[in-house]
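Before any comments, here is the structure.
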Amino acid sequence: MEAPLAGKTVVLAVTGGIAAYKAVEVARLLKKLGARVLPVLTKNATKFVGPVTFSGITGEAVREDLWDAGVSGELHVLLAAEADLIAVVPATADSMARMASGRCDDLVTATLLCTQSPVLVAPAMHPQMWRHPATEHNTNLLRDRGTLFVGPVDGPVASGESGLGRMAEPSEIVSAIQRHIQARQALPASADQRDLLGKHVVVTAGPTHEPIDPVRFLGNLSSGKMGFAIAEAAARRGATVTLIAGPVHLATPAGVRRRDIVTARELHDAVFAERDTTDVLIMAAAVADFRPREAATQKIKKSDQDDGAPVLELVRNPDILTSVGASRTADQPRPTMLVGFALETGDDASVIAYARDKVRRKKCDLIVANRADQSLGKDDNRVFLVADRRDEVPIVSGPKSLVSSRILDIVVAALS
Ligand code: C5P
């Protein structure tokens, strides 16, 4: 049987912390899975572990110098292009700060700034450094840009103290690397085309939560999986992707810029803030149609209700898709392509009929219609692709990654 990471290249960027010695084990485990491992060490990393250890384990030249005269071409560009994934193990507080601010004055940071491949970091530092607001800010920035994190974990650190800051175990790090590489590999071949290069694709995903009081809200069962899969597929096809996400528990796909929102009105503002630069807007979010007229500032108590139950007065939320559709004119043709979703509870025929009506009413180019029983919270979906002025309605079913790919095929065809 073929090794799970055969044919895959991992650039292992090692930065200068005591956990650097564990990066040797990460290299060994990756090799065992069949990956080609290219070690790149910062100058500080070499104070903790000798480069010869890495070359011995990986069988590859260890790179340290941005100015390596022995290489034809620019080393950081070559490494960035060859990587199926770049893993920063360990990632010190300083290296994360340098990544977050876009520094590129050594081979590790220059390679990271240059790559379009997923970047995974395994932070390792004293718990006080991990908790510092500066590190927290840098972590959030990196997450927003799609950097993948594994750890840190709670446990003993080099100083002998214990806390959140210890690097995840090498086996954990390697499992995360394997998972991410294989997830990308699972995407269909057509997603390898970079046919969305230069396009700004904005995807909305997940539910909205409409506050009733400080501890209660009106929401829905959307998991966000469909929108996140579309964002990931669009990024792989070269688009600049902004993912506007409601409250969901999903990791940001690699290379995707993420904006988090809670309510429909926040979603409305976030969509319109991007509109003038948006080429393609895909509204996969399950936006609440109604919200309580007023959110109570204090928790509503049973004892406040004479007859035992409050009556909630609801008002309509803005229909974002309709507003964007209506705002498109010859002078303001943004977004060029407008895609809506329609989640229905009926049978196939009624779902298609609703979608035909919606595509006209909301002035969008495509409605992706799906049935609640076949999509909500699931990893797979079955969708009807109802385009404006087209009788034929293709049906796509399969993993949400595959469905995303087909939606983007239609987007690309329409853009060209
Ligand atoms: O009309 P309906 O809610 O079925 O339309 C669904 C589509 O409209 C989805 O693309 C959803 O994101 C979008 N929508 C919206 N604003 C709302 C409600 C739905 O943009 N208030």
Side-chain angles (χ1 to χ4, degrees), residues 201-211 217-231 234 242-248 259-275 278 280-293 314-328 334-335 337-377 381 383-388 393 400 403-404 407-408 410-411 414:
V201 176
V202 176
V203 184
T204 69
T208 65
H209 286 181
E210 310 296 326
F217 59 84
L218 286 180
N220 60 66
L221 289 175
S222 167
S223 64
K225 286 180 184 170
M226 190 66 240
F228 274 60
I230 297 172
T242 303
L243 174 61
I244 308 178
V248 293
R259 299 279 174 265
D260 285 322
I261 56 89
V262 176
T263 65
R265 283 180 295 173
E266 287 170 7
L267 179 55
H268 174 276
D269 294 350
V271 166
F272 274 86
E274 304 292 338
R275 188 199 54 174
T278 304
V280 180
L281 173 62
I282 304 180
M283 289 283 307
V287 189
D289 291 318
F290 309 102
R291 67 173 185 276
R293 179 178 289 284
L314 302 181
V315 291
R316 287 284 291 265
N317 267 330
D319 190 315
I320 305 161
L321 189 57
T322 302
S323 318
V324 175
S327 74
R328 287 200 295 180
R334 294 282 184 178
M337 183 78 188
L338 185 56
V339 181
F341 270 66
L343 181 72
E344 308 289 354
T345 47
D347 60 10
D348 287 3
S350 69
V351 170
I352 293 172
Y354 277 128
R356 282 203 192 288
D357 172 58
K358 215 164 278 186
V359 80
R360 272 190 305 271
R361 222 171 1 94
K362 301 206 176 201
K363 296 192 167 63
C364 38
D365 304 294
L366 178 72
I367 286 282
V368 181
N370 47 191
R371 289 172 43 163
D373 58 338
Q374 293 174 342
S375 70
L376 267 182
N381 202 353
V383 303
F384 307 91
L385 301 172
V386 179
D388 188 23
V393 176
K400 285 182 174 170
V403 172
S404 304
I407 295 169
L408 293 178
I410 294 186
V411 165

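Values in this document were obtained by computation on a predicted structure and should not be read as measured data. Just so you know, ligand 1 is whichever comes first in the structure, and atom 1 is the first atom listed for that ligand.
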Checklist entry - Does the distance from a Lys or Arg side-chain N to an Asp or Glu carboxylate O, for Lys363 and Asp388, drop under 4.0 Å? => result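 Salt bridge absent between Lys363 and Asp388.
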
Next on the checklist: Just so I know, are the side chains of Val403 and Met226 near enough to count as touching, which here means a heavy-atom distance under 4.5 Å?
Outcome noted: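 Yes - at least one pair of side-chain heavy atoms lies under 4.5 Å apart.
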
Item to check | Check: Asp319 and Lys362 side chains under 4.5 Å, non-hydrogen atoms | outcome: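 A side-chain contact exists here, since the closest heavy-atom pair is under 4.5 Å.
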
Item to check | Which residues share a side-chain hydrogen bond (donor to acceptor under 3.5 Å, both in side chains) with Asp269, sequence neighbours left out | outcome: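 By the side-chain hydrogen bond (donor to acceptor under 3.5 Å, both in side chains) rule, Asp269 matches no residue at all.
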
Filter the ligand 1-protein atom pairs down to N or O on both sides and distance under 3.5 Å, then list them.
from     : atom 1 : to     : atom 2 : distance (Å)
ligand 1 : 1 (O)  : Lys362 : NZ     : 2.8
ligand 1 : 4 (O)  : Lys358 : NZ     : 2.4
ligand 1 : 5 (O)  : Lys362 : NZ     : 2.9
ligand 1 : 8 (O)  : Lys362 : NZ     : 3.2
ligand 1 : 10 (O) : Met283 : O      : 2.7
ligand 1 : 10 (O) : Phe341 : N      : 2.8
ligand 1 : 10 (O) : Phe341 : O      : 3.3
ligand 1 : 12 (O) : Met283 : O      : 3.3
ligand 1 : 12 (O) : Ala285 : O      : 2.7
ligand 1 : 16 (N) : Ile320 : N      : 3.0
ligand 1 : 20 (O) : Ile320 : N      : 3.3
ligand 1 : 20 (O) : Leu321 : N      : 2.8
ligand 1 : 21 (N) : Pro318 : O      : 2.8

Item to check | N/O donor-acceptor pair under 3.5 Å between Asn317 side chain and Val287 backbone | outcome: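 Not a single qualifying donor-acceptor pair exists.
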
Next on the checklist: Test your reading of the model: is there a side-chain donor-acceptor pair from Asn370 to the backbone of Glu344, 3.5 Å cut-off?
Outcome noted: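 Not a single qualifying donor-acceptor pair exists.
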
